[in-house]
Amino acid sequence: QVQLVESGGGSVQAGGSLRLSCAASGYTYNSTWIGWFRQAPDNEREGVASIAPRGGSTYYADSVKGRFTISRDNAKNTVYLQMNSLKAEDTAMYYCAAAPRIPGAFLILKSWAYNYWGQGTQVTVSS
């Protein structure tokens, strides 16, 4: 089992940056997909970015490509989401999630493919 704790959220003006962290524990961490998702009020939870086990391939939603970067430090059991050029529409609760395996590429940014979830960290971007 994997336990996840997010941090780094806050309030920032449009154009600013934040770095979210997802600290994980659990013996399977290094072989686990880690994804970032977000959910704004009255919206469905959407996939933002995901990184393959051992820091392999990365995947991004079109809405954040070129602005967000996901990375993982397996020595620290931590995954980061660097968010630059933030926009008001990035405002949401951000969650990290873990999946031991993802059976198809079309599932990489789908919330139902992930088994373990953190409690979330709020990001608010003011315009």
Identify which one of Asn77, Ile51, Thr58, Thr78 satisfies the side-chain contact (heavy atoms from CB on, under 4.5 Å) criterion when paired with Arg72. Ile51
Are the side chain of Tyr114 and the backbone N or O of Ile108 linked by a donor-acceptor pair below 3.5 Å? yes
Mind checking whether Val123 and Met93 sit in one hydrophobic cluster, side chains of I, L, V, M, F, W, Y counted as touching below 4.5 Å? no
Ionic contact status for Lys65 with Asp62, cut-off 4.0 Å: yes
Kindly determine whether Tyr95 and Leu4 satisfy side chain to side chain contact (heavy atoms under 4.5 Å, CB included), including the steps that lead there. CA-CA 9 Å; Tyr95 301 88; Leu4 306 167; over 6 Å; no
I need the minimum non-hydrogen distance between Trp33 and Pro100, along with the two atoms involved. CD1-O, 4.4 Å
Would you compute the distance between atom OG of Ser111 and atom CD of Gln39 and round it to the nearest 0.5 angstrom? 8.5 Å
Check Arg38 against Ala92 and note the closest heavy-atom contact, atom names and distance. CB-CB, 3.8 Å
Hydrophobic clusters here meaning ILVMFWY residues chained together by side-chain heavy-atom distances under 4.5 Å, can you tell me if Trp117 and Leu107 are in one? yes
Is it true that a side-chain atom of Thr91 and a backbone atom of Val125 form a donor plus acceptor pair closer than 3.5 Å? yes
CG-OG distance between Leu86 and Ser126, expressed to the nearest 0.5 angstrom: 10.5 Å
With rounding to the nearest 0.5 Å, note down the distance linking CD in Gln13 to OG1 in Thr124. 13.0 Å
Got a donor-acceptor contact below 3.5 angstrom from the Glu6 side chain to the Thr121 backbone? no
In terms of the angle between their ring planes, are Phe68 and Tyr94 parallel, tilted or perpendicular, with boundaries placed at 30° and 60°? tilted
Between Ile70 and Tyr60, the two heavy atoms sitting closest are N-OH, 2.9 Å
On the six-membered ring of Phe37, is Arg45 placed so that its NZ or CZ lies under 6.0 angstrom from the centre and within 45° of the ring axis? no
Quick one: do Asp90 and Arg67 satisfy side chain to side chain contact (heavy atoms under 4.5 Å, CB included)? Show the steps, please. CA-CA 11 Å; Asp90 294 319; Arg67 299 189 299 122; 2.8 Å; yes
Looking at CZ of Arg19 and OG of Ser17, how far apart are the two atoms once the value is rounded to the nearest 0.5 Å? 12.0 Å
Return the CD to OG distance between Gln122 and Ser11, rounded to the nearest 0.5 Å. 8.0 Å
So, taking the atom named CD in Gln82 and the one named CG in Leu20, what distance separates them when rounded to the nearest 0.5 Å? 9.0 Å
